[in-house]
2 protein chains.
Amino acid sequence: MVLTRTAGPDLAGLVLPLAKTLTALETSIARRHGLTTWQYAILAAAAEPPWRTQGELAGAIGYDRNRIVADLDDLEGRGLVTRTVDATDRRSNRIEVTPTGRRLAHSTARDLRAGTDALLAAVGPEHDRAALLAALEALRDRCADDGWRARWLRR
Amino acid sequence: MVLTRTAGPDLAGLVLPLAKTLTALETSIARRHGLTTWQYAILAAAAEPPWRTQGELAGAIGYDRNRIVADLDDLEGRGLVTRTVDATDRRSNRIEVTPTGRRLAHSTARDLRAGTDALLAAVGPEHDRAALLAALEALRDRCADDGWRARWLRR
DNA sequence: TATTGTTATACTCTATAACTATA
DNA sequence: TATAGTTATAGAGTATAACAATA
């Protein structure tokens with residue numbers, strides 16, 4: 001969101017613009033396929049069993065159970081997912097992706113993958129790329145570390 | 001913002017959560033120093049000469065000339081910056097950071113730096129860290145590349 | 001009483017337009 | 001007329017609360 005001007009290596013100054021671009025890429029690609037980024041996330045997450053309820057689905061992609069309703073209304077209306085009341089618990093809905101929805105999710109994922117690959121090509125040889133991804137994984141794990149979060153993210 | 005489930009290395013799935021955490025870190029640290037992230041960005045950018053006008057300052061940090069007004073009102077009211085009409089062009093304001101504002105910017109930057117360093121410590125030896133930063137720079141530059149943007153970011 | 005889906009409401013951040021004073 | 005600063009307004013995205021049906 002913001003520059004953090006410091007003398008040394010500025011991690012935020014490197015990562016934040018990159019994240020902004022990746023978000024724009026997701027938005028652009030999803031849009032070309034007639035989806036919002038959340039709709040694509042829903043489709044992609046729901047495409048892999050086990051089937052989930054609406055709430056679980058929302059939670060699985062970091063969305064919320066309130067907003068997912070309208071998106072599912074739209075996806076269902078376009079024949080990309082089906083919503084059926086669970087016979088064992090009539091409060092909850094089972095979400096299933098139709099073959100059409102599955103194809104759409106796959107083609108979107110393919111384009112998205114091609115776009116990020118075209119970005120990653122800037123990093124050079126294969127082993128540099130692997131090292132980058134490994135380092136990013138280490139950072140991602142540290143981000144989830146309770147100790148680090150308690151020390152640095154408490155208000 | 002969103003998961004991009006693909007088979008191979010998922011750049012967005014690695015970078016986006018990291019960016020979210022870095023943003024949360026900035027928000028948290030700035031808040032501890034009584035600032036919003038934008039206010040900190042303003043203070044940090046204005047702290048280094050050449051002195052700028054409001055609009056240039058906003059542009060320099062990716063902010064906009066409308067919203068910076070209220071932030072400068074606040075910063076000025078707290079004695080962290082001064083706003084003086086430019087004598088050569090009475091339409092524009094010259095923004096200057098006070099010694100107090102400078103100290104606040106520095107202490108905030110120090111904490112921010114310490115937080116990201118604690119993250120980067122997860123990456124291991126010094127040369128791995130350097131390689132990561134170099135790779136991120138390459139990605140950042142590729143993000144700005146007109147060819148890539150035209151191919152992947154057009155709507 | 002608790003939970004699932006649903007709807008309504010409010011809040012934050014951002015984007016656009018319009019006004020003033022200077023040039 | 002054009003520009004810098006300012007103000008007001010509208011929009012997207014998000015978060016919170018309340019409701020009906022079901023358990």
Side-chain angles (χ1 to χ4, degrees), chain A residues 1-3 16-17 19-20 22-24 26-28 30-31 35-42 45-46 50-77 81-96 155, chain B residues 1-3 16-17 19-20 22-24 26-28 30-31 35-42 45-46 50-77 81-96 155:
Chain A
M1 173 184 297
V2 158
L3 301 175
L16 266 32
K20 190 175 175 182
L22 287 170
T23 301
E26 261 194 355
T27 304
S28 171
R31 183 193 184 88
L35 299 170
T36 66
T37 53
W38 284 118
Q39 286 176 338
Y40 166 63
I42 292 166
W51 316 122
R52 307 177 215 253
T53 71
Q54 280 189 210
E56 286 173 348
L57 197 52
I61 60 175
Y63 208 29
D64 75 67
R65 67 181 193 136
N66 305 308
R67 289 189 287 156
I68 203 175
V69 176
D71 288 313
L72 286 174
D73 287 346
D74 184 48
L75 294 175
E76 189 183 23
V81 305
T82 59
R83 237 192 307 209
T84 56
V85 276
D86 187 331
T88 70
D89 182 347
R90 295 185 44 76
R91 291 174 303 178
S92 58
N93 291 334
R94 287 188 357 158
I95 307 299
E96 218 159 327
R155 350 198 81 197
Chain B
M1 170 182 296
V2 158
L3 299 176
L16 265 33
K20 190 175 175 183
L22 287 170
T23 300
E26 260 195 355
T27 303
S28 171
R31 183 192 183 90
L35 299 169
T36 67
T37 53
W38 283 119
Q39 288 176 336
Y40 166 63
I42 291 166
W51 315 123
R52 308 175 215 252
T53 71
Q54 280 189 210
E56 286 172 348
L57 197 52
I61 60 173
Y63 208 28
D64 74 69
R65 66 183 194 132
N66 305 309
R67 288 187 289 155
I68 204 176
V69 176
D71 288 314
L72 286 175
D73 286 347
D74 184 46
L75 294 176
E76 190 184 21
V81 303
T82 60
R83 240 194 303 210
T84 56
V85 278
D86 187 331
T88 71
D89 183 347
R90 296 184 44 75
R91 289 173 304 181
S92 61
N93 291 334
R94 288 188 355 158
I95 307 300
E96 218 159 326
R155 359 194 75 199

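Residue numbers begin at 1 in each chain, while the letters A, B, ... track the order of the sequences. Keep in mind it's a predicted model, so treat the numbers as computed, not measured.
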* Test salt bridge (charged side-chain N to carboxylate O under 4.0 Å, His left out) applied to A/D86 - qualifying residues, sequence neighbours left out -> none

Starting from [atom2] on [N], measure out to [atom1] on [X] and report it in whole angstrom.
X     : N      : atom1 : atom2 : result
B/I61 : C/dT14 : CD1   : P     : 11 Å
B/Y63 : C/dA15 : OH    : C1'   : 13 Å
B/Q39 : C/dC13 : CD    : C1'   : 14 Å
A/D71 : C/dT7  : CG    : P     : 13 Å

* Structure fact -> B/D89 meets the side chain to side chain donor-acceptor pair (under 3.5 Å) criterion, sequence neighbours left out, with B/R91

* To do: Check the pair B/I95, B/R52 against side-chain contact (heavy atoms from CB on, under 4.5 Å), reporting the backbone distance first and the verdict last.
  => CA-CA 6 Å; B/I95 307 300; B/R52 308 175 215 252; over 6 Å; no

* Please report the closest heavy-atom contact between B/V85 and B/N93, naming both atoms and the distance. => CG1-OD1, 3.6 Å

* Structure fact -> Smallest heavy-atom separation, A/I61 atom then A/A45 atom, equals CG2-CB, 3.5 Å

Going by side-chain contact (heavy atoms from CB on, under 4.5 Å), name the residues that satisfy it together with [X], two or more places apart in sequence or in a different chain.
X     : answer
A/R67 : A/W38, A/Y63, A/D64
A/T53 : A/E56, A/S92
B/D73 : B/V69, B/R83

* Mind grabbing the angle between the end helix axes of the helix from C/dT1-D/dA23 to C/dA23-D/dT1? Five pairs an end, 10° rounding. => 20°

* Below 4.0 Å: OP1/OP2 of D/dT14 and any side-chain N or O of A/W38 -> yes

* Contact pattern, 5' to 3', of nucleotides 2-10 of chain D - B, S or - by protein heavy atom under 4.0 Å -> BBBBBB---

* Asked: For DNA chain D, whose closest nucleotide is more 5', that of A/A87 or that of A/D64?
  -> A/D64

